[in-house]
There are 2 protein chains.
Amino acid sequence: MKRKITLKQIARELDVSISTVSKALRNSAEISDDTKQKVQAFAKLYNYRPNNIALSLKNRRTNTIGIIIPEIVHHFFSKVISGVELVANKRGYNVIIGLSNESFSKEVINMEMLANGSIDGFILSMSKETLKLQDYHHFNETMTQGMPIVMFDRVVSDVKCDKVIVDDFNGAKKAVGKLIENGCKSIALITTKDYVSVGKLRTQGYLEALEEHQMPPKAELILKIDESLDYEAHLEALEKEIEQLFQSNPKLDGVFAVNEIYALLAMKVARKLGLDVPNDVQVIGFTDGVLSKHATPSLTTVSQHAQQMGEKAAELLIDKLESEFNSADEVFQTVVITTDLVKRESTK
Amino acid sequence: MKRKITLKQIARELDVSISTVSKALRNSAEISDDTKQKVQAFAKLYNYRPNNIALSLKNRRTNTIGIIIPEIVHHFFSKVISGVELVANKRGYNVIIGLSNESFSKEVINMEMLANGSIDGFILSMSKETLKLQDYHHFNETMTQGMPIVMFDRVVSDVKCDKVIVDDFNGAKKAVGKLIENGCKSIALITTKDYVSVGKLRTQGYLEALEEHQMPPKAELILKIDESLDYEAHLEALEKEIEQLFQSNPKLDGVFAVNEIYALLAMKVARKLGLDVPNDVQVIGFTDGVLSKHATPSLTTVSQHAQQMGEKAAELLIDKLESEFNSADEVFQTVVITTDLVKRESTK
DNA sequence: GAAAGTAACGAAAACGTTTTCGTGTTAAAA
DNA sequence: TTTTAACACGAAAACGTTTTCGTTACTTTC
């Protein structure tokens with residue numbers, strides 16, 4: 001087990017100073033060609049690579065970005081990471097991850113753990129608990145210490161930073177508009193409680209679409225799920241709620257759900273009640289996950305372009321990191337990623 | 001934008017030496033209670049946190065582990081990460097990720113990028129290309145430099161390191177055994193080319209199960225998919241192949257697939273050909289992904305316990321990192337995670 | 001009152017780099 | 001021959017810690 005070789009060792013071995021070795025390796029004009037060749041050959045032989053930690057300490061930048069997400073076992077988030085990683089690597093950065101598990105305190109701890117020099121900036125999506133508590137002090141503190149943050153998807157106007165969001169409102173509006181065009185007269189909405197910003201916006205899109213077509217919204221067609229627990233735990237309870245929705249609205253012929261699982265459950269319930277999808281009921285979901293593509297019938301969805309979000313977030317962050325000179329002007333941008341309606345078998 | 005405060009600044013402010021500040025904060029007995037209180041109060045006020053990079057340089061350990069996987073947008077791998085992150089965080093480590101995208105060169109580059117001081121050890125699953133090329137020099141070089149590696153899932157006996165694998169052989173055997181018990185007489189296998197080690201082992205399990213029940217294997221019942229490209233790209237071609245399989249084997253009444261997608265496609269094809277699942281054909285897949293749970297009919301699968309694999313891999317790595325004194329004895333272990341057959345609707 | 005001990009603190013090295021600023025040697029110019 | 005310039009290299013500081021080893025000044029002890 002030979003340890004990694006350092007400048008000092010090369011210097012001792014070749015009987016020159018550390019400075020000379022360093023300069024020789026960086027092809028400085030100060031060093032004679034003879035010495036350069038000697039040093040470079042030796043370095044190559046021993047496969048010398050500068051120690052990243054030492055560089056980070058010296059340069060006061062780590063070329064690493066931290067990404068904090070509520071959970072990783074989730075198609076949307078892993079796709080975002082994928083996008084972040086792509087541009088980060090291309091621009092010479094590493095990516096370090098932290099999972100909040102939708103918990104406020106884990107989010108805070110994770111950020112503190114990384115903020116002490118380990119990374120140059122954050123890309124993050126807030127936990128549900130943080131959204132509920134509306135406590136954003138950790139974001140603001142991080143930023144006053146000169147560490148930039150880019151938020152994506154779940155954002156909040158109280159925190160001033162760069163943001164990348166999906167056009168939830170118009171995505172939902174388009175989807176519901178599509179259902180109406182397709183002849184649906186009684187369209188249900190399955191959404192989340194309002195503190196999840198994206199759920200709220202999608203709900204507004206639903207309402208707007210109805211209004212635009214002079215269809216009065218009905219409270220009994222709107223089902224708001226409390227997501228404070230994770231889905232998997234009470235899938236059955238959820239299914240019951242949706243079944244209730246169908247039974248108390250016999251004329252139901254369209255469903256817009258704010259995520260994949262809700263949409264799939266709606267289809268399952270429909271089938272159970274003897275309704276055909278898409279002939280009796282048409283269903284549209286939100287998110288471009290794997291489930292939609294492989295479901296039967298496959299699910300028409302509003303695609304969020306998660307990868308593109310990740311790429312854009314990384315671009316924004318790295319641009320900010322590498323501009324540097326500003327700091328006073330502090331102009332933040334919000335990039336909106338437009339959604340696409342991906343037509344599949346669950347709509348006519 | 002106030003920069004993070006350092007020991008030096010505290011020292012200057014309080015008119016003591018850096019050493020005194022450091023010792024005071026660590027509650028050293030050398031420092032008087034008076035001074036300790038003064039320093040600690042000041043540090044708290046300014047929210048002092050030691051700089052991780054400086055600590056890493058001094059201690060020559062980063063408390064960070066690197067994880068390199070073929071892709072992250074994949075339920076199995078993200079679940080493994082989730083497990084790694086869980087125990088890593090619990091034991092005070094961060095996790096930094098690298099994606100190889102199933103490419104050999106990206107795997108090498110990623111490892112080199114991280115191996116220069118950024119991390120203390122690797123957890124990784126090899127890319128398909130690496131398995132095909134059988135070039136493992138980067139693993140061995142990394143290890144000779146004193147950086148431990150734990151491999152999971154896709155492993156190879158040529159590399160001597162700790163490993164965490166799934167009991168592919170017995171998992172497959174149990175699954176096929178179950179199909180036979182359920183009365184299947186003609187069981188197809190949908191697998192990958194042999195260079196993917198897990199595909200190979202699962203194939204062997206299939207054959208073993210047949211043999212144990214005195215059922216001669218038939219070549220025309222075995223479909224080996226070339227996975228060098230990713231699925232998504234040629235889903236349709238794949239479907240055609242599977243359809244071919246069904247048509248040339250009219251008596252087919254059972255399918256064992258080495259992953260979820262293949263299994264789902266088999267069900268899709270069956271339905272298309274007017275066959276009922278599970279009454280005419282029974283299907284079992286491998287991997288405990290989301291698709292299986294939410295498919296219709298839901299898919300019986302061999303569960304791999306991905307999260308548990310991640311946890312175990314992290315345990316192994318951190319144990320090794322924190323034992324230290326060895327280095328000569330070098331005893332490597334291979335932990336086998338047992339599989340479970342999760343019964344759902346696609347089997348009787 | 002001298003020797004010994006103790007309490008409280010500081011200087012400096014070390015981790016591995018890069019970079020600024022000497023410094024000594026040699027070659028060219030005066 | 002003396003001054004100047006170019007060349008090739010080294011010493012040292014800096015990044016932010018921790019830790020070892022002094023070094024004071026004061027208190028015991030005999």
Side-chain angles (χ1 to χ4, degrees), chain A residues 2-40 42-43 46-64 114-120 145-147, chain B residues 2-40 42-43 46-64 114-120 145-147:
Chain A
K2 51 175 185 188
R3 287 217 73 72
K4 293 232 65 173
I5 197 168
T6 68
L7 288 186
K8 190 192 280 194
Q9 292 170 44
I10 301 184
R12 195 185 315 140
E13 212 69 33
L14 262 42
D15 208 43
V16 291
S17 77
I18 296 180
S19 345
T20 303
V21 177
S22 176
K23 288 172 191 163
L25 290 176
R26 327 194 90 239
N27 250 316
S28 160
E30 280 185 60
I31 306 297
S32 72
D33 287 349
D34 266 13
T35 316
K36 274 190 209 170
Q37 290 217 340
K38 197 174 55 174
V39 172
Q40 288 175 1
F42 191 91
Y46 283 88
N47 195 31
Y48 170 79
R49 296 269 180 279
N51 180 304
N52 276 330
I53 296 294
L55 284 180
S56 295
L57 184 59
K58 176 124 192 53
N59 301 331
R60 283 139 119 209
R61 57 203 325 282
T62 60
N63 276 356
T64 301
L114 295 181
N116 300 313
S118 301
I119 61 164
D120 297 335
Q145 288 179 355
M147 180 158 304
Chain B
K2 50 174 184 187
R3 289 216 71 74
K4 293 232 65 175
I5 197 168
T6 69
L7 288 186
K8 191 193 281 194
Q9 292 171 45
I10 300 184
R12 195 185 315 140
E13 212 69 34
L14 262 43
D15 209 43
V16 291
S17 77
I18 296 181
S19 343
T20 303
V21 177
S22 177
K23 287 172 191 163
L25 290 176
R26 326 193 91 240
N27 252 315
S28 160
E30 282 184 57
I31 307 296
S32 72
D33 288 349
D34 264 15
T35 315
K36 272 192 210 170
Q37 290 219 340
K38 197 174 55 172
V39 172
Q40 289 175 0
F42 192 90
Y46 283 88
N47 196 30
Y48 169 79
R49 296 268 180 277
N51 181 304
N52 277 330
I53 295 294
L55 284 180
S56 296
L57 184 60
K58 176 126 194 47
N59 302 331
R60 284 137 118 210
R61 59 203 325 283
T62 59
N63 274 8
T64 301
L114 295 182
N116 300 314
S118 301
I119 61 164
D120 298 335
Q145 289 178 354
M147 180 158 304

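The chains referred to below are lettered A, B, ... by the order of the sequence lines, with proteins before strands, and numbering in each begins at 1.
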N or O in side chain of [X] less than 4.0 angstrom from [N] OP1/OP2:
X: B/R26; N: D/dT19; value: yes
X: B/T35; N: C/dC9; value: yes
X: B/R60; N: C/dA14; value: no
X: B/T20; N: C/dA8; value: no

Could you tell me whether B/L7 contacts a base, only the sugar-phosphate backbone, or nothing, with contacts defined as non-hydrogen atoms closer than 4.0 Å?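 Counting heavy atoms under 4.0 Å across all strands, the contact made by B/L7 includes a base.
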
Give B/S19 one of three labels, base, sugar-phosphate or nothing, depending on what nucleic acid heavy atoms sit under 4.0 Å from its own.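 Base, at least one base atom sits under 4.0 Å.
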
For the side chain of [X], starting at C-beta, report the closest nucleotide among [options].
X: B/P50; options: D/dC9, D/dC15, D/dT17; value: D/dT17
X: A/S17; options: D/dT17, D/dG10, D/dT20; value: D/dG10
X: A/S22; options: C/dT18, D/dT18, C/dT17; value: C/dT18

Looking at the base of D/dG10, is there any donor atom on it, or on the side chain of A/K23, that sits under 3.5 Å from an acceptor on the other one?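 When only heavy-atom distances are counted, A/K23 does reach the base of D/dG10 through a donor-acceptor pair under 3.5 Å.
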
Angle between the two end axes of the helix from C/dG1-D/dC30 to C/dA30-D/dT1, five base pairs per end, rounded to 10 degrees?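 End-to-end axis angle for the helix from C/dG1-D/dC30 to C/dA30-D/dT1: 70°, rounded to 10°.
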
Please say whether more than 12 non-hydrogen atoms of neighbouring residues, nucleotides or ligands are located less than 6.0 Å from CG in A/N27.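 More than 12 heavy atoms, drawn from other residues, nucleotides or ligands, come within 6.0 Å of this atom.
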
